[in-house]
**Q** 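Dropping the structure in here first, questions after.
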Amino acid sequence: MTGNKILFFNPRSANATFRIPNSVMSIAATVEGVLDWAVVDGNRELDPLDKLRSYLRTGAYRYIGFTAMPGPQLKQAIPFAKVIREEFPDTIMIWGGYFPSSHFKVTLDSGWVDFIINGPGEHAFPSLIQALETGKPYEFIPNLIFKQDGKIIKTKKETLFDQDPLPKIPYDHLDQYYSLDGYLGKTYLGTRTVAYHSSIGCPFTCSFCAVVPLYEARWKARSAPLVFEDIRYLHDKWGANAIEFHDNNFFVSEKRAVAFSELVRPLHMNWWGMARIDTMSGYSDASLEKIREAGCRMIFFGAESGNDEVLKQFDKGGTQSGKQIAAFAARMRKFDIIPEYSFVLGAPAPDKEAVQKQIDFDIAFIRKIKDVNPDTEIVVYTYSPVPTEGSELWAQAQSQGFSFPQHLEDWVEPQWEQFNLRKNPLTPWLEPEHTNSIRDFETVLNGYYPTASDIKLSPVKRRALQWVSGLRYKTKFYRYPYEIRFLQKTWKYRQPEIQGF
Ligand code: B12
C-alpha cells in the first residue's frame with residue numbers, strides 16, 4: 001500500500017435509498033481538501049463489497065471508515081469488515097456511529113476494527129488521521145476507543161462542541177460518486193425530500209434512548225441562518241422541495257425554530273422534525289402558527305407511555321405527563337400539524353401480570369389520544385434495552401437476565417435484527433402473549449388509522465383497510481387480525497417503526 005486516501009462506507013439500511021448519508025458525510029467534510037476520500041453507499045450499490053474491493057485493490061486507500069447503527073446496517077458492516085481485514089490486512093479500519101459507540105467491546109474483540117470514534121467524530125477523526133499520518137501519539141485524542149496490549153482504552157469524552165464552525169457537508173463532492181438527485185426522494189412531504197441534520201445530541205437522559213450514552217445529555221445546534229443557508233442551497237441548486245430534519249431533538253430552542261421558520265417560509269417547502277412534548281407544550285400559539293405557516297407538516301414526539309410511573313421508570317425527565325401528552329395532541333389540531341406519537345411498550349415490571357396490565361393501560365391510552373385527535377400518528381415500539389451506564393432501567397433489564405451478544409457476528413442473527421427493529425425485544429420478562437398483544441393491537445390500529453406517510457396507499461385501499469378493521473377496533477377485539485395483515489402485506493403497508501420514520 002502506498003496511498004493515504006480514506007474510503008468511507010455507509011452500509012445499506014432498508015428503504016433508505018434517498019437519504020444523504022449524513023453520518024459519513026459529516027466526517028468526510030472534516031478532511032475535504034486535506035486528504036483524498038471516496039465513499040461507497042450500500043443503499044446505492046448492488047454489490048457494495050465488490051465496490052469496496054475495487055477501491056482497496058488500488059492500494060491507494062490506507063483508511064476505511066464505516067458507520068453503523070444497530071439493525072439492518074450490521075448485515076453489511078460486520079461481514080464486510082471481516083472480509084476486508086482478511087483481504088487487506090494493512091488497511092486501518094475505523095468505525096463510528098451508534099452501534100460501535102454503544103457496543104465497543106464486542107466490536108473491538110472481533111479483531112477487525114482498529115479504532116472506534118466514540119460519539120461525535122468531527123474533531124476526533126481528523127486528529128486521529130493526522131496522528132497516524134505523522135506517527136504522533138493518538139492516545140490523548142478525545143472520543144477514541146481502541147485496544148492496546150489486549151486492553152480496551154477509552155479516551156476522555158470531549159465536551160460537545162459548537163456546530164457553526166464545523167465544515168459544510170461536501171454535497172458537490174458526494175455528487176461525483178452518487179448523483180445527489182438520487183438522494184432527493186419522494187415522500188408524503190414532497191417529491192424531492194432532503195435529509196438534513198441541524199443539531200446534535202439531546203439535553204435529556206431517557207434511559208431507553210441510545211442517544212444518551214453518545215451525547216451525555218448535551219445538545220448543540222447550528223444556528224438558524226446557517227441551517228437556512230444550507231437548505232436554500234439544496235433548494236436552489238438541487239431542487240429540494242421538502243426536508244426531513246433528522247435531529248434527535250430539532251425543537252429544543254423555540255427561538256431557533258421560529259427564526260428558521262421565518263427564513264424558510266418563502267421557499268414553500270414541507271418539513272418534518274423530532275421534538276419533546278413538554279418542550280413544545282411551552283411554545284406559544286404564535287410560534288406554532290409560524291412553524292406551520294413555514295411548512296412544518298408533522299412532528300415526531302416520544303410520548304412513550306400515558307402512565308406517569310412508567311415515564312419515571314424511563315427517566316423521561318422534564319415535565320411530561322400522561323395528562324400533558326393528551327392535552328398537547330388536542331392542541332395540535334388547531335395548528336394543522338400532525339403529531340406523530342411514539343410509544344414504548346413492554347417495560348420491565350415485577351411479574352407477568354403487571355407487564356400485561358401496563359401494556360393494556362397504554363393501549364387504552366393510545367385509543368384516548370386517537371379520540372382527542374384522530375390525526376395523531378401512532379408509532380408503537382417494544383422496549384429494547386440500550387446499555388446506558390448508571391441507569392436503573394438498564395440495571396433492571398440485566399438483573400432480569402437480559403444480555404447482548406458476545407460475538408460481533410451474532411449481531412447479524414435474525415433475532416437480533418428484530419431486536420434492533422424494536423419488534424422482538426428478546427427481553428426475558430416479555431412472554432409471547434405480551435408481544436402478540438402489542439403486535440395485534442398495532443395491526444388493528446394501523447388498519448383503522450393507516451399512516452398518512454404511506455404515499456403508495458390509495459384512498460380506495462385506505463378505505464378498504466379501515467372497513468376491514470372497523471369492527472375489531474370498535475369492539476376492541478384485536479386477536480389474530482390475519483385478514484388485516486394479509487391486506488397490509490399485499491399492499492406493502494409502510495410502517496414507520498420498521499422502515500425508520
Ligand atoms: C438517518 C437515520 C436513519 C436512516 C439511515 C440513513 C442512512 N444513513 O442510510 C434510516 C431512516 C434508514 C434509519 C433507519 C433505522 N434507524 Co436510524 N437513525 C437515523 C438518524 C435519525 C440520523 C442519523 C444521522 O444521520 N445522524 C447525523 C450524524 C451527523 O450523526 P451521527 O450518525 O451520530 O454521526 C456522528 C457520530 O456518531 C460519528 N460517526 C457516525 N458514523 C461515523 C463513521 C465514521 C467513519 C466516523 C469516523 C464517525 C462516525 O460522527 C458523526 C459526526 O459527529 C438517527 C438519530 C440521529 N439523530 O442521529 C437514527 C438512529 C441512529 N437510528 C436508529 C435506529 C434504531 C434505526 C432502525 C434500526 C430502527 C428504527 N425503527 O428506526 C432503522 C432501521 C430501518 C431499516 N429497515 O433499515 C437509532 C439507533 C438506536 C441505537 N440503539 O443505537 C437512532 C439513534 C434513532 C433513535 N433515537 O433511536 N435511520
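Order of appearance sets the numbers: ligands from 1, and atoms from 1 within every ligand. Reckoned from all heavy atoms, side chains included, excluding hydrogens, waters and symmetry mates.
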**Q** How are the rings of Trp271 and Phe251 set relative to one another: parallel (under 30°), tilted (30 to 60°) or perpendicular (over 60°)?
**A** parallel
**Q** Taking the six-membered ring for Trp, are Phe80 and Phe66 closer than 6.0 Å centroid to centroid?
**A** no
**Q** Considering only heavy atoms of Gly65, which atoms of ligand 1 have at least one such atom less than 4.0 Å away?
**A** 45 (C)
**Q** Can you figure out which of Glu244, His246, Met69 has its heavy atom closest to atom 17 (Co) of ligand 1?
**A** Met69
**Q** Where does Ser13 meet ligand 1, judged by heavy-atom distances below 4.0 Å: at the side chain, the backbone, both, or neither?
**A** both
**Q** Within the structure, is a non-hydrogen atom of Gly42 found at a distance of less than 4.0 Å from ligand 1?
**A** no
**Q** Students often mix this up, so state it plainly: with edges at 30° and 60°, are the rings of Tyr177 and His173 parallel, tilted or perpendicular?
**A** parallel
**Q** Can an N or O of Asp247 be found at a distance shorter than 3.5 Å from an N or O of ligand 1?
**A** no
**Q** Salt bridge between Arg53 and Asp47, side-chain N to carboxylate O under 4.0 Å?
**A** no
**Q** Using a strict cut-off of 4.0 Å, indicate which atoms of ligand 1 neighbour a heavy atom of Pro120.
**A** 53 (O)
**Q** Considering the heavy atoms of Glu122, write down every atom of ligand 1 situated less than 4.0 Å from one of them.
**A** 52 (C), 53 (O)
**Q** Checking side-chain polar atoms at under 3.5 Å, does Thr67 have a donor or acceptor matched by the opposite partner on Asn10?
**A** no
**Q** Check each of Val211, Asn43, Val24, Ile6 against atom 89 (N) of ligand 1 and report the one with the nearest heavy atom.
**A** Val211
**Q** Less than 4.5 Å apart, any side-chain heavy atom of Pro120 and any of Tyr215?
**A** yes
**Q** Which is closest to atom 80 (C) of ligand 1 by heavy-atom distance: Pro70, Gly302, Pro385?
**A** Pro70
**Q** So, Thr91 side chain and Met93 main chain: donor-acceptor pair closer than 3.5 Å or not?
**A** no
**Q** Decide whether Glu139 and Gln148 meet the rule of one side-chain donor and one side-chain acceptor closer than 3.5 Å.
**A** yes
**Q** Does Tyr381 come within less than 4.0 angstrom of ligand 1, counting non-hydrogen atoms of the residue?
**A** yes
**Q** I need the atoms of ligand 1 closer than 4.0 Å to a non-hydrogen atom of Phe66, numbered in the order shown.
**A** 43 (C), 44 (C), 45 (C)
**Q** Does an N or O anywhere in Ser26 fall below 3.5 Å from an N or O of ligand 1?
**A** no
**Q** Taking Gly302's backbone N and O only, do any of them form a donor-acceptor pair with Lys316's side chain (distance below 3.5 Å, no angle check)?
**A** yes
**Q** Are any of the heavy atoms in Tyr196 under 4.0 Å away from ligand 1?
**A** no
**Q** Would Arg44 and Ser179 count as having a side-chain donor-acceptor pair, cut-off 3.5 Å?
**A** yes
**Q** Test of understanding: given a 4.0 Å heavy-atom threshold, classify the contact between Asp41 and ligand 1 as side chain, backbone, both, or neither.
**A** neither
**Q** Test your reading of the structure: does Trp95 have an N or O sitting under 3.5 Å from an N or O of ligand 1?
**A** no
**Q** Sub-3.5 Å donor-acceptor pair from the side chain of Ser207 to the main-chain atoms of Thr205, do we have one?
**A** no
**Q** For atom 39 (N) of ligand 1, state which one of Gly121, Gly97, Ala210, Ser102 supplies the nearest heavy atom.
**A** Gly97
**Q** Please check if any side-chain donor atom of Thr451 sits under 3.5 Å from a side-chain acceptor atom of Glu377, or the reverse.
**A** yes
**Q** Have a look at Asn22, Ile200, Leu214 and point out the one with the heavy atom closest to atom 30 (O) of ligand 1.
**A** Ile200
**Q** Heavy atom under 4.0 Å from ligand 1: found in Tyr183's side chain, backbone, both, or neither?
**A** neither
**Q** Tell me which one of Lys147, His407, Gln406 satisfies side-chain hydrogen bond (donor to acceptor under 3.5 Å, both in side chains) with Asp109.
**A** Lys147
**Q** Check this for me - ligand 1, Asn420, N or O atoms closer than 3.5 angstrom, yes or no?
**A** no
**Q** Which atoms from ligand 1 have a heavy atom of Gly119 less than 4.0 Å away?
**A** 36 (C), 37 (O), 38 (C), 50 (O)
**Q** Give the atoms of ligand 1, by number and element, whose distance to some non-hydrogen atom of Ile117 is under 4.0 Å.
**A** 47 (C)
